[in-house]
2 protein chains.
Amino acid sequence: MHQYGLKVTNARIKVLRILMQSQVALSHGDILTRIHGNELDKVTLYRTLSSFVNAGLAHKVATEDRTWLHALHLPEERNEGVEDHAHFVCDTCECIYCLPLVTEDMAAIPIKESGFQIKSHEYRLRGTCPSCH
Amino acid sequence: MHQYGLKVTNARIKVLRILMQSQVALSHGDILTRIHGNELDKVTLYRTLSSFVNAGLAHKVATEDRTWLHALHLPEERNEGVEDHAHFVCDTCECIYCLPLVTEDMAAIPIKESGFQIKSHEYRLRGTCPSCH
DNA sequence: ATTATTATTGCAACTTGGTTGCATTATGAC
DNA sequence: GTCATAATGCAACCAAGTTGCAATAATAAT
């Protein structure tokens, strides 16, 4: 956590551990319920999460029901600062997975020379995840 | 509006007109401020918009600040029921454009044979729009 | 045209995810 | 250990969107 310029605190250690253990992106509520026993203030959790995002340790995904999910960056994205992966939303369990993208800038294809200058892209997929079919 | 199974009302006509006149997807607030004079209740507008979405006339896009934008379907999507276009978010003016996608199922590429069954996808691009550079 | 049926409208109250202000506490540089 | 600075916890707050319900307007039936 040091190398990201963050002070090492109890709250951050706990939240980081929870994020590391999860295959899917987690909501504020998800994380809170996973902190059994020694509670964590909801505001602290909000701030912990956004400190992770600002530091480039994690990223957030907006859901359909206007909440944020958080997930650590994929291993191959560390130190890059770029977020280049797809989000997969499972129709059944509603989980959101971060999947690596093997892409040679697909974003540039559909609308080049239309006046739109593309700097980044997000790819969101819906369907059924491995544990739901 | 009849062919979509919706009663033709004042509110719906006004909102539909506003959506038709806009190049970009509009927020609840955007639409409300464009109804000069004869007011429209905010709840009515919420319900009008979701009636459009349910009827397959429009669709909604989630923004980064957890609100919904609404836009009519692109001409080529009418009567299809499928929503197959990219969303372009301008970094400067924050507008969201709906752009037609010329795609041969790009979604299938990145993660096939990984256990994820893809049913639909959304492609979101960020950058600078034509009127901002 | 009039009436009956049914969906839409408008208002107030409410829900919920998230934020702000501020005093208290803990971290890490010295 | 001391100190500056950042993180925490609490309460109050904010804003987007929803719910319940009575009043009203749009279509269908007569």
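Chain letters run A, B, ... following the sequence lines, proteins first, then strands; residues in each count from 1.
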Pairs under 3.5 angstrom only: tabulate donor-acceptor contacts from the side chains of residues 41-53 of chain B to other protein residues two or more places apart or in another chain.
unit_1: B/D41; atom_1: OD2; unit_2: B/V43; atom_2: N; d: 3.0
unit_1: B/T48; atom_1: OG1; unit_2: B/T44; atom_2: O; d: 2.7
unit_1: B/S50; atom_1: OG; unit_2: B/Y46; atom_2: O; d: 3.4
unit_1: B/S50; atom_1: OG; unit_2: B/R47; atom_2: O; d: 3.3
unit_1: B/S51; atom_1: OG; unit_2: B/T48; atom_2: O; d: 2.6

Distance check needed: [N] [atom2] versus [X] [atom1], whole Å only.
X: B/L32; N: C/dG10; atom1: CG; atom2: P; result: 11 Å
X: B/L6; N: C/dT6; atom1: CG; atom2: P; result: 18 Å
X: B/F52; N: C/dA7; atom1: CZ; atom2: P; result: 18 Å
X: A/D41; N: D/dA12; atom1: CG; atom2: C1'; result: 13 Å
X: A/L49; N: C/dG17; atom1: CG; atom2: P; result: 15 Å
X: A/L40; N: C/dT25; atom1: CG; atom2: P; result: 17 Å
X: A/R12; N: D/dA7; atom1: CZ; atom2: C1'; result: 6 Å
X: A/I13; N: C/dT27; atom1: CD1; atom2: C1'; result: 11 Å

Beyond-backbone contact of B/H59 with B/H87, side-chain heavy atoms, under 4.5 angstrom: yes
For the residue pair B/H70 and B/V61, establish whether any side-chain heavy-atom pair is separated by less than 4.5 Å. no
Please name the pair of heavy atoms, one in A/I31 and one in A/I18, separated by the smallest distance, quoted to 0.1 Å. O-CD1, 4.0 Å
May I have the step-by-step check of side chain to side chain contact (heavy atoms under 4.5 Å, CB included) for A/L26 and A/R34, ending in yes or no? CA-CA 10 Å; A/L26 297 177; A/R34 272 169 221 221; 3.6 Å; yes
Any chance you could measure [X], atom [atom1], to [Y], atom [atom2], to the nearest 0.5 Å?
X: A/T63; Y: A/L69; atom1: OG1; atom2: CG; result: 5.5 Å
X: A/R66; Y: B/R66; atom1: CZ; atom2: CZ; result: 4.5 Å
X: B/L57; Y: B/N54; atom1: CG; atom2: CG; result: 11.0 Å
X: A/L125; Y: B/E122; atom1: CG; atom2: CD; result: 10.0 Å

Taking the side chain of A/T9 as heavy atoms from C-beta outward, which of D/dA16, C/dT8, D/dT8 is closest to it?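 Among the listed nucleotides, the one closest to the side chain of A/T9 is D/dT8.
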Between B/R66 and B/N10, which residue's closest nucleotide on DNA chain C lies nearer the 5′ terminus? B/N10
On DNA chain C, does the nearest nucleotide to B/A11 precede the nearest nucleotide to A/D65 from the 5' side, or the other way round? Give the residue.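 On the 5' side of the pair lies B/A11.
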So how far off straight is the helix from C/dA1-D/dT30 to C/dC30-D/dG1, going by the axes through five pairs at either end, to 10°?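 Inter-axis angle at the termini of the helix from C/dA1-D/dT30 to C/dC30-D/dG1: 40°.
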Given A/N10 and A/L40, is the side chain to side chain contact (heavy atoms under 4.5 Å, CB included) satisfied, shown in steps? CA-CA 10 Å; A/N10 256 339; A/L40 189 59; over 6 Å; no
So, is A/T48 near the phosphate of D/dT8, with a side-chain N or O under 4.0 Å from OP1 or OP2? yes
Could you tell me whether the phosphate oxygens of D/dG9, OP1 or OP2, come under 4.0 Å of any side-chain nitrogen or oxygen in A/T44?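 Result: yes.
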Every protein N/O within reach of nucleotides 18-20 of chain D N/O, cut-off under 3.5 Å:
unit_1: D/dG20; atom_1: O6; unit_2: B/R47; atom_2: NH2; d: 3.4

Nucleotide N/O to protein N/O under 3.5 Å, stretch nucleotides 1-5 of chain D:
unit_1: D/dT5; atom_1: O2; unit_2: A/K7; atom_2: NZ; d: 3.3

Pairs satisfying side chain to side chain donor-acceptor pair (under 3.5 Å), at least one member in residues 17-33 of chain A, at least two apart: A/S27-A/D30
Side-chain donor-acceptor contacts of residues 89-98 of chain B below 3.5 Å, not counting sequence neighbours, with atom names and distances?
unit_1: B/D91; atom_1: OD1; unit_2: B/R126; atom_2: NE; d: 2.9
unit_1: B/D91; atom_1: OD1; unit_2: B/R126; atom_2: NH2; d: 3.0

